[in-house]
Each structure stands twice: as C-alpha cells, then as structure tokens.
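Take a look at the structure below.
Letters A, B, ... mirror the listed sequences (proteins, then strands); counts begin at 1. Note that the structure is predicted; figures quoted are calculated from it, not measured.
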Number of protein chains: 2
Amino acid sequence: MKKAGGEGKRGMLSRCLILETALRLVDAEGVESLSMRRLASELGVFPTALYHYVPSKAALMRGIVEVVLAKVELPGRDGRTWQERLRALARSFRGVAHAHPRLLPQLVAYPEATPEEYGFYEALYEALEEAGLDAAEIVRASTLMFSYVTGFTLAEISGTLGPLTKAEREDLVSLPHEKFPVTRRLTPHISGVDLDENFEFGINVLLSGFAATAERGVGSPQQ
Amino acid sequence: MKKAGGEGKRGMLSRCLILETALRLVDAEGVESLSMRRLASELGVFPTALYHYVPSKAALMRGIVEVVLAKVELPGRDGRTWQERLRALARSFRGVAHAHPRLLPQLVAYPEATPEEYGFYEALYEALEEAGLDAAEIVRASTLMFSYVTGFTLAEISGTLGPLTKAEREDLVSLPHEKFPVTRRLTPHISGVDLDENFEFGINVLLSGFAATAERGVGSPQQ
DNA sequence: ACCTGAACACCGTTCAAGT
DNA sequence: ACCTGAACACCGTTCAAGT
C-alpha cells in the first residue's frame, strides 16, 4: 500500500488528479473504501495534503458526482423526433450509471444544481415542449421521466430487479401459495426478465402517456 | 452523552430495542450519526454488548430497513378497483418514506428479499393482473411502478425536486438564455411545483398506460 | 448467556510547522 | 504555496475475561 507510481514529490497533485483517482478507487472497491487516508496513500502523499485541493470529504464526493454526471450525453435539437431524443437521454443516463454502478446511490441522491444538471433538464424540457405539453405538464412530465430513469437504474444496480440468484429462486418457490398466489404463478416470468426490454417498456409507456396528455390538450382528468 | 434513561444493567437489551433505538437515532440525526459506539452509549451499554444481538453494523442497517418496510400498508383484495389499490400502495410507500426521510437512500438501495417485500410485490402483481395484463406485462409494469415511486420519493427527499430555495432561484435566473431557453421560460412553473400533484400526475400516466396496454391485448408495439 | 474491558486497525479534520 | 508530522476525537470489530 505504498505510492501507486513514481509520482514526483511536489506539484504533481491537482484537484483533477485527486477526483480521477478517487473515482477509480470507488469504481474498483466501492464508496465504503474511499477515505481521505486511503486516497492519499494511493497518491503517495500525506492525507492532509488533499485538503489544499478539496475542503472536505463531502466536497470530494460532490466533485466525483459532478465528473460522472458530466458524462451523460445531452441530445441537441437535431433531426430526431422528441421521442427519440428522450429515449437517447434516458439510455445515456442508464449507460453512465452502468459504467459507475458503485457510485449510483450518491449520484441520484445528490441535490446538485450544477450547470450539467440544468443541461439535463433543458434537454428534457425542450423535448417535452415539442411534444405539445403546456408549461405545468412539462414540469410534471420531466420529473416523471427523471424519477423513472433514476429509480429503475438504482433498482437494477442494487439487485432488486433482474435475474434471480439461486438462493432467491428458492426463496420464491418456498413462498406459500395461499398468501402469494400471483407471485407463485408468475415465478418463471420474474426470474427470466430481460432488463433492457424492461427498461424500454417503461420508456414506451411514458412516451405514449406524454403524447396522450398532449392530445387531450389539458391536464389529465382521467379519474 | 451518558445513558438515555434508567435502564437496568442486565436483561434490558433486546434486538427489538436496539433496532427501535437505532431508528430513532437515524430519524433524529441521520444515518451518518449512527455508529455502534454511539448507539451503545444511547442504550447505556458497552459497544461490544450489541454484538450479542446483531452480528455487524450492516446487519443492523438491514434490520432497521426491514422494520420500516413493514410499515407500508398493503391493500387487500377488497371492494376497490385495481387503480385505487395501486394508488393506495404508492401513497403508502411515499408516506412511510416521508416519515423516515433520512433512511430513504438505504431503503431503496437494499436488495432485500424479505417476506414484506414479497407482500409488496404480490399486491402489485395482483392489481396488475386484474387490470388485464399478461404475465410478461405484469412483471414489466410492476417494475415501472416500483421504479417511479421509489425514484420520485428519493428525488423529492434529496431536494432535487420541490420548491426551490432562494439560492437555487437565483442560480436559475442567472442561467444564460441562449443555452437554456426552455428552462428560463419555465422558471415560474419550476419553482412553484406542488409535489403531491406532481406525484399523482405520474401515477395517472402510469395507470392509464397500464389500461392502454391491456386494451391493446399484446405487448406495446407503438413505434 | 450476557456484559465488561482492553486492544487493533482504522477514520476525518485541525494546527503548527517545515521548505 | 504546498506538503509534512503529530495530534484529537472518533470508528467497527475481535478476543479474553468476568458474572
């Protein structure tokens, strides 16, 4: 656990290098392995040296989150339809999440207001406006879209969704028929989910839901 | 920071008391304040005593999550329509989340397979079956519902949604018109969101989306 | 069985130096 | 300005006792 490479003693440190190294550490060993001391030893430096570039561990985490969020590709107002752009945005976020699964919980729970996040919302708003929604509907539809995409990726990466482990299958099969009749009947379909298809199903429902509310012309009074 | 009350020296400890006290601590001061040492001192006991009832801190967290998840009310197969039951289930989860906001991140990210969670899914499956979806659609619709509800509550409690603070409003107003035209135009609507209405809007879209896929009779090939 | 007490290998952060 | 070094107040967990 000495220094990672042959970094020189001075001037080699920078906020960028610190963030990149921290992200690598999180990707490799998880957020719980990221500590100021561990990160410092990885950089071949004393823990206290980090505080010249980053005021606290919380700020370090915030910095990593920003770096990752910036990787989400924002669709420009090009030739594609608003449906295609929303779908591309959703897929891009999910892709970035899969590239950094161990950071995802912090990624979705940070109340950030960075320009990157506004760019994310601008793309959402712009597509939903083209869909024909009014101002109030755009805001609500955007949070629906945002909530679904973040909720789904978090669930799949946490292991709540997806193909079951052997132990989980056994748990499922041992549930009493009387209390869990539908679950028991669905067992084969539950263990055989395709997460990509499942994700797209949700996007389909949302996109046609947005089209329907736009057609209806006014807020959705359907019950 | 001595003992909380006049608890006797022996036989007063129990797994249940430990979990309840830990939950109170998390609710009051946040997950980052929960430590085995702090919890022990709260109970007037040595840290190591806890290990007779709980094998590790991870198991402690898992226990608290189970206690909270058990508070979600599962709608029985009563007189209500499937729409009303799904809505009730969604609202109940959101209500429990609001009662323990500081635990929510762990609540949604735990890949638990407790009977309680199966009860949650059984209620979802049962309602979606009554809606007329086939087996594959039920599974997909249930994860859509689950993802939206958890994603939304997490976003609102993290502060990503909801009425803006003064600082956030200023940030928003200072965004350049050229890069964020739609965001700037929507500013008044963004800062004035009603989260309850926003949540229900999403539920409405999902419920009518489920009804539409059921009518169509087959998986959704709408583009 | 249930709790104490000491110990080990860690934390984040502050503060006073050194160069 | 940038890094060291020591220090402070914490961590989770193990292990050998005590009762």
Is any side-chain heavy atom of [X] less than 4.5 Å from a side-chain heavy atom of [Y]?
X: B:Y121; Y: A:I190; value: no
X: B:F210; Y: B:L86; value: yes
X: A:F152; Y: A:N198; value: yes

Between [X] and [Y], does at least one N-O distance fall below 4.0 Å, as a salt bridge requires?
X: A:R24; Y: A:E42; value: no
X: B:E29; Y: B:R102; value: no
X: B:E170; Y: B:K166; value: no

Can you figure out which of [options] approaches the side chain of [X] most closely?
X: A:M36; options: C:dG12, D:dC3, C:dG5; value: C:dG12
X: A:T48; options: D:dC3, D:dT13, C:dT14; value: C:dT14
X: A:V45; options: C:dC3, C:dT13, D:dC3; value: D:dC3
X: A:H52; options: C:dT13, D:dT13, D:dC3; value: D:dC3
X: B:S56; options: D:dC11, D:dT4, D:dT13; value: D:dT13

Open item on the list: Using a 3.5 Å limit for the pairing distances, which stems of at least 3 consecutive Watson-Crick or G-U wobble pairs does DNA chain C take part in?
Closed with: C:4-8 with D:12-16, C:12-16 with D:4-8
Open item on the list: I want to confirm an ordering. Mapping A:A49 and B:L34 to their closest nucleotides on DNA chain D, which one lands closer to the 5' end?
Closed with: A:A49
- [ ] Report yes if a side-chain nitrogen or oxygen of B:Y53 is closer than 4.0 Å to either non-bridging phosphate oxygen (OP1 or OP2) of C:dC3; otherwise report no.
- [x] yes
What is the distance, to the nearest angstrom, from the [atom1] atom on [X] to the [atom2] atom on [N]?
X: A:I18; N: D:dC2; atom1: CD1; atom2: C1'; result: 12 Å
X: A:L39; N: D:dC3; atom1: CG; atom2: C1'; result: 15 Å
X: A:L50; N: D:dT4; atom1: CG; atom2: C1'; result: 13 Å
X: A:Y51; N: D:dA7; atom1: OH; atom2: C1'; result: 14 Å
X: B:L43; N: C:dT4; atom1: CG; atom2: C1'; result: 16 Å
X: A:F46; N: C:dG18; atom1: CZ; atom2: P; result: 15 Å
X: A:R38; N: C:dG12; atom1: CZ; atom2: P; result: 12 Å

Say whether, by atom type as modelled, one donor and one acceptor occur between the side chain of [X] and the main chain of [Y] under 3.5 angstrom.
X: B:Y148; Y: B:F199; result: yes
X: A:T153; Y: A:V149; result: yes
X: A:R85; Y: A:R77; result: no

Shorter than 3.5 Å, N or O on both sides, protein versus nucleotides 8-10 of chain D: list them out with atom names.
none

Task: Between C:dA9 and D:dA9 - P atom distance, rounded Å - done: 22 Å
TODO: For salt bridge (charged side-chain N to carboxylate O under 4.0 Å, His left out), just list the numbers for B:E122 and A:K179, CA-CA rounded to whole Å, side-chain angles, deciding distance to a tenth of an Å, and then say yes or no.
DONE: CA-CA 8 Å; B:E122 174 72 14; A:K179 282 196 69 175; over 6 Å; no
